[in-house]
2 protein chains.
Amino acid sequence: MATVNPSPGVSRLRVAVPAVATRVASELRLQIAEGALLPGTKLKEEALSEELGVSRNTVREAFAELASERLVVRQPNRGVFVASLEVSDIHDVYAVRRAIEVSAVRGGGSAESIAAVRAAVEEGKRAAEAGDSEGLGSANAHFHGALVAMAGSERLNVIMSQVLAEMRLFFHKASIAGGFYQDYLADNDQICRALEAGDNDLAAERLLSYLARSEEHQTAVHAS
Amino acid sequence: MATVNPSPGVSRLRVAVPAVATRVASELRLQIAEGALLPGTKLKEEALSEELGVSRNTVREAFAELASERLVVRQPNRGVFVASLEVSDIHDVYAVRRAIEVSAVRGGGSAESIAAVRAAVEEGKRAAEAGDSEGLGSANAHFHGALVAMAGSERLNVIMSQVLAEMRLFFHKASIAGGFYQDYLADNDQICRALEAGDNDLAAERLLSYLARSEEHQTAVHAS
DNA sequence: CCGACAGGAATGTTCAACAATTCAACAATC
DNA sequence: GATTGTTGAATTGTTGAACATTCCTGTCGG
């Protein structure tokens, strides 16, 4: 990590950002993920500052944070809007996923990191049995996050978490299309098995095939 | 790209961010890239706001932008500092490069995008003949940027440009180690040739080997 | 029907103030 | 003498208000 302080031993626990703006950003991030704020919704500075009890400047800082994550889009002199992805964005996002996830899988991982992947697979199975489609979705996100985490790169983890957050922007529409997560449970299990067997190339191949199908599915849903 | 405005035809040329804060961020980004602001330097809000003739709030917005690019680090109640990379960051950055660049190379590119790669190679040769080590460095950056551009993904391009900006943070120290760019000119040419011949896997293999050596080199220089 | 124009609303930017935190210097204690 | 309070200056965090600028709308006139 990038540090600067020559004096060692000081607490590194706290997150390196202003507290209030971060909380505001987190709140908005949550509402976007939950679908409470739909894509295209305009976020007015003054209304939000009143509603959350913070100043306009603080709301502004939160906007800057979310904009850097592509969760909101800033239009000069017009305001910020919850990002709404076009079909071309789908391909773009999957290009990032192909690059990052496949690279991590090809590099393999430690026993612990592979165990985390397995845990995400099992989490998905339990959610499926419970008929919890919300839980299925987040288990799937955990699975792919765990894949990337195998690489042990903080930067890749951050990129992946942002990509997953972006994907939630069009998951709401897609999940209406019915239990399509079910089909992916078997895929995840197969990928995980290949990793556990140490056959990273096979895992990568299966992952690529999964990503291709997933992208196709998302594109089809959003072509309407 | 994520858009929202239903009304078509309006100018999409301008960058979707406040103008002044962006200019301040660009100025600081430039000074960091040029080495005028060395890693670890503290950036004081008030001093900068006076010097640049903008308000503290605007400086603050610029800081948020640079922090999201990891060019500066924010320490709560202490201020922002020009990021200084540790040895562990080197490996982390190269993990991102391996993922993104290799993926782009494996996917190949259009004739135009490969021509851009070739152009960067030639740019490097000219700089080498002119003894312009500064130009050699930026040609090398153009080369790797062109590799990623083959994928045609806006997100990957943004990630790559940020990674290249981060690398300049430790290039200043590394370039002292003498004309080590020279060795990479041949590598770049070989990678480009493989691409032109349509042998993407060979190009990817050569790129991986290059990245491994480059990481080793950087690590050695910074181990001191 | 349409272009021009005035008015309103929202954002962009600045300024000034205060609270909270950090840091360095110094005093106090063991 | 070294560690531990304590104090005070300096800097950041946050707020609130003000003004400029831009966009949007709806009306008026041709």
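Proteins come first, then strands; the chains are lettered A, B, ... in the order of their sequence lines, and each starts at number 1.
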Quiz item: In whole angstroms, how far is the C1' atom of dA20(C) from the CD atom of E45(B)?
Solution: 14 Å
Exercise. Please state how far atom NZ in K44(A) lies from atom C1' in dG12(C), giving the value in whole angstrom units.
Key: 18 Å
Self-check item: N77(B) CG to dA9(D) P, straight-line distance once rounded to whole Å
Solution: 19 Å
Quiz item: Between K42(A) and R78(A), is there a donor-acceptor pair closer than 3.5 Å when you use the side chain of the first and the backbone of the second?
Solution: yes
Quiz item: In this structure, are over 12 heavy atoms from other groups packed under 6.0 Å from E216(B) atom CD?
Solution: no
Practice problem: Would you sort out whether E166(B) and Q162(B) count as a side chain to side chain donor-acceptor pair (under 3.5 Å), showing the intermediate values? | Solution: CA-CA 6 Å; E166(B) 264 197 277; Q162(B) 288 181 0; over 6 Å; no
Exercise. Would you mind reading off the distance between R74(A) atom CZ and dA10(C) atom P, rounded to a whole angstrom?
Key: 17 Å
Exercise. Evaluate the ring planes of Y210(A) and H144(A), with Trp represented by its six-membered ring, and classify them as parallel (under 30°), tilted (30 to 60°) or perpendicular (over 60°).
Key: parallel
What pairs of nitrogen or oxygen atoms, one from the protein and one from nucleotides 14-16 of chain C, lie under 3.5 Å apart?
unit_1  : atom_1 : unit_2 : atom_2 : d
dT14(C) : OP2    : S55(B) : N      : 3.3
dT14(C) : OP2    : S55(B) : OG     : 3.3
dT14(C) : OP2    : T58(B) : OG1    : 2.3
dC15(C) : N4     : N57(B) : ND2    : 2.7

Exercise. Grab the CG-P distance between L43(B) and dT11(D) for me, whole Å please.
Key: 14 Å
Quiz item: Side chain of S49(A), backbone of E46(A): donor and acceptor closer than 3.5 Å?
Solution: yes
Self-check item: Candidates V72(B), L43(B), V24(B) - the one meeting side-chain contact (heavy atoms from CB on, under 4.5 Å) with L66(B)
Solution: V72(B)
Exercise. Report the distance from atom CD of E50(B) to atom P of dT12(D), rounded to the nearest whole Å.
Key: 12 Å
Quiz item: Taking only side-chain nitrogens and oxygens of R60(A), does any of them come within less than 4.0 Å of OP1 or OP2 of dG12(C)?
Solution: yes
Self-check item: Protein-nucleotide distance (E61(A), atom CD; dT15(D), atom C1'), rounded to Å
Solution: 12 Å
Quiz item: Expressed in angstrom and rounded to an integer, what is the separation of R78(B) atom CZ from dT12(D) atom P?
Solution: 11 Å
